[in-house]
Q: 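Can you read through this structure? Questions will come right after.
One is the number of the first residue; the rest follow in order along the sequence.
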Amino acid sequence: MTSKALFVFVLLCGVEIACAGKVLVLPGEYSHWHNMRVIIDALVDRNHSVTVLVSSSSPTVPHTRKERFDFNVYKVNMEKEEAIAVWNDFTHLWMNDTADKYERVFNIWRVVTNFMVLTADICKGMFHNEDLLRTLHGSHYDVLLSDPMMPCSDLMAQKLNIPHVLSLRTAFAYTFERLCGQMPAPASYVPAAAVQDHLTDRMSFAERVKNMLLYIKHTTVFRLNMKFTSDWL
């Protein structure tokens with residue numbers, strides 16, 4: 001009788017019982033890091049153990065600073081200054097509205113190619129490092145939280161055999177999410193995000209045709225770029 005009364009008393013007090021978990025985080029850069037930082041702080045506030053896995057060339061993740069969570073820094077060949085140059089070129093692509101149609105396609109190809117060199121360096125830094133992989137396996141993480149701009153995060157989740165959660169969706173016409181993550185994205189209802197901000201899930205016939213052409217263009221560029229830059233990895 002006493003145990004039942006105690007159980008009812010606990011329920012009435014509204015006591016929340018939960019188990020803290022171990023979270024491995026692969027963050028993005030610049031504004032994506034700030035977005036991820038809010039999520040990390042909320043996880044730490046809820047007593048979860050958080051480890052941020054970051055490359056030595058990261059331009060914006062302050063892995064030398066003392067935080068409430070841990071950093072695990074792995075070495076890559078690219079220097080920080082080189083990574084900053086690639087990211088600056090990537091950012092400039094969005095800001096350059098003066099380029100004509102053909103120049104813009106060329107710039108997209110050039111920037112994406114340079115970005116793929118950066119991502120290949122990051123992936124090699126993670127998966128060619130046996131000591132790092134052993135450490136991650138031995139840590140027994142419960143989940144992997146990553147930014148979609150972080151390359152090879154899905155492969156890392158598969159390698160560690162843990163669930164994978166994305167913080168947001170951002171690829172050109174969802175190419176990474178659709179082709180790598182098998183995310184459903186019908187072009188009649190899902191705008192090619194980060195390309196044409198004025199499109200919504202309610203499109204006219206002409207807007208749907210335009211959206212479909214955007215999907216075709218960016219999917220073609222993505223497949224060709226992967227073929228010439230990453231298939232040899």
Q: Take V112 and F222, measure what side chain to side chain contact (heavy atoms under 4.5 Å, CB included) needs, and give me the verdict at the end.
A: CA-CA 8 Å; V112 172; F222 176 81; over 6 Å; no
Q: Rounded at 0.5 Å granularity, tell me how far CZ in F127 sits from NZ in K159.
A: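 Nearest 0.5 Å value for the CZ-NZ distance: 7.5 Å.
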Q: Measuring only between side-chain heavy atoms, which start at C-beta, is D45 closer than 4.5 Å to R68?
A: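 Yes, at least one pair of side-chain atoms sits under 4.5 Å.
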Q: If you compare all heavy atoms of V76 against all heavy atoms of G125, which two are closest, and at what distance to 0.1 Å?
A: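 In terms of heavy atoms, the two residues are closest at CG1-CA, 4.1 Å.
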Q: Could you pull out the closest heavy-atom pair between F69 and R37, with the gap in Å?
A: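 Heavy atoms only, the tightest pair is CE2-NE, 3.7 Å.
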Q: Starting at CD1 of I162, measure out to OG of S139 and round the result to the nearest 0.5 Å.
A: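 With rounding to 0.5 Å, CD1 (I162) is 10.0 Å from OG (S139).
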Q: Report whether V61 and L145 are members of the same hydrophobic cluster (ILVMFWY, side-chain heavy atoms less than 4.5 Å apart, transitive linking).
A: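 Cluster IDs for V61 and L145 match.
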Q: So do the side chains of L118 and E82 get within less than 4.5 Å of each other, counting heavy atoms only?
A: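 With C-beta onward as the side chain, the pair stays apart.
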Q: Can you name the nearest heavy-atom pair linking G28 to W33, along with the distance?
A: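 Nearest heavy atoms, G28 then W33: O-CB, 3.6 Å.
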Q: Could you tell me whether R208 sits above the aromatic face of Y189, with NZ or CZ closer than 6.0 angstrom to the six-membered ring centre and within 45 degrees of the axis?
A: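 Yes, R208 sits over the ring of Y189.
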Q: If hydrophobic clusters are built from ILVMFWY residues whose side chains come within less than 4.5 Å, do F71 and L136 share one?
A: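 Result: no, two separate clusters.
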Q: Would a hydrophobic clustering, with Ile, Leu, Val, Met, Phe, Trp and Tyr connected at side-chain separations under 4.5 Å, put V221 with I216?
A: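 No, V221 and I216 fall in different hydrophobic clusters.
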Q: If you compare all heavy atoms of K80 against all heavy atoms of P59, which two are closest, and at what distance to 0.1 Å?
A: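 Looking at all heavy atoms of both residues, the shortest contact is CE-O, 3.7 Å.
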Q: Considering non-hydrogen atoms only, spot the tightest contact between A192 and L214 and give its length.
A: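 Result for this residue pair: CB-CB, 4.1 Å.
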Q: Is it true that atom CD of Q158 has more than 12 heavy atoms of other residues, nucleotides or ligands lying nearer than 6.0 Å?
A: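 No, because the 6.0 Å sphere around CD of Q158 holds 12 heavy atoms or fewer from other groups.
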Q: Just to verify, which of N72, I40, D70 counts as forming a side-chain contact (heavy atoms from CB on, under 4.5 Å) with V52?
A: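 Exactly one option meets the side-chain contact (heavy atoms from CB on, under 4.5 Å) with V52, and it is I40.
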Q: Could you walk me through whether V25 and L53 pass side chain to side chain contact (heavy atoms under 4.5 Å, CB included), step by step?
A: CA-CA 6 Å; V25 176; L53 184 62; over 6 Å; no
Q: Is any side-chain heavy atom of N114 closer than 4.5 Å to a side-chain heavy atom of D89?
A: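 With C-beta onward as the side chain, the pair touches.
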Q: Is D131 salt-bridged to R134, cutoff N-O under 4.0 Å?
A: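 The answer is yes: the pair qualifies as a salt bridge.
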Q: Would you say L160 ends up clustered with V73 if hydrophobic residues are merged whenever their side chains have heavy atoms under 4.5 Å apart, either directly or through other cluster members?
A: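 In one cluster: no.
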Q: Can you measure from CE (M36) to CG (L26) and round to the nearest 0.5 angstrom?
A: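 Reported value, rounded in 0.5 Å steps: 8.0 Å.
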Q: Side chain to side chain contact (heavy atoms under 4.5 Å, CB included) for E29 and D147? Distances and angles first, verdict last.
A: CA-CA 9 Å; E29 300 290 349; D147 185 278; over 6 Å; no
Q: About how many Å separate CE of M78 and OG of S55, when rounded to the nearest 0.5 Å?
A: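 Rounded to the nearest 0.5 Å, the OG-CE separation comes to 9.5 Å.
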Q: Which atom pair, heavy atoms only, marks the closest approach of S56 to H63?
A: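 Shortest heavy-atom separation between S56 and H63 comes out as O-NE2, 4.2 Å.
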Q: Okay, side chain of D201, backbone of V190: is any donor-acceptor separation there less than 3.5 Å?
A: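 Absent.
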Q: Can you find a heavy atom in the side chain of M203 that is under 4.5 Å from one in the side chain of K210?
A: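 No. Closest side-chain heavy atoms not under 4.5 Å.
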Q: Return yes if a side-chain donor-acceptor contact under 3.5 Å exists between Y141 and T51, otherwise no.
A: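 T51 and Y141 do have a side-chain donor-acceptor pair below 3.5 Å.
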Q: To the closest 0.5 Å, what do you measure between CG (N129) and NZ (K124)?
A: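 Spacing of CG (N129) from NZ (K124) equals 14.0 Å.
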Q: Any side-chain to backbone donor/acceptor pair from H48 onto G21? Under 3.5 Å, distance only.
A: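 Pair found, side chain donor or acceptor close to backbone of G21.
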Q: Between OG of S146 and CE of M156, what distance do you get to the nearest 0.5 Å?
A: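 S146 OG to M156 CE: 11.0 Å, rounded to 0.5 Å.
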Q: May I ask you to decide if K22's main-chain N or O and D142's side chain share a donor-acceptor pair within less than 3.5 Å?
A: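 Checked: pair present.
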Q: Indicate yes or no: at least one non-hydrogen side-chain atom of L144 is less than 4.5 angstrom from one of P163.
A: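 No; the side chains remain at least 4.5 Å from each other.
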Q: Report yes if some heavy atom in the side chain of T119 is under 4.5 Å from a heavy atom in the side chain of C152; otherwise report no.
A: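 Side-chain contact under 4.5 Å: no.
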Q: Would you say V54 and V143 are hydrophobically clustered, going by side-chain heavy atoms of ILVMFWY under 4.5 Å?
A: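 Yes; tracing contacts between hydrophobic side chains, which count when under 4.5 Å, links both residues.
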Q: Regarding D154 and H164, is there a side-chain donor-to-acceptor distance under 3.5 Å anywhere?
A: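 Absent: no donor and acceptor within the cut-off.
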Q: For the residue pair F115 and W87, categorise the inter-ring angle as parallel (less than 30°), tilted (30 to 60°) or perpendicular (more than 60°).
A: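 F115 and W87: perpendicular rings.
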Q: Would you please say whether a donor-acceptor pair under 3.5 Å links the side chains of E79 and S57?
A: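 No donor-acceptor contact under 3.5 Å links the two side chains.
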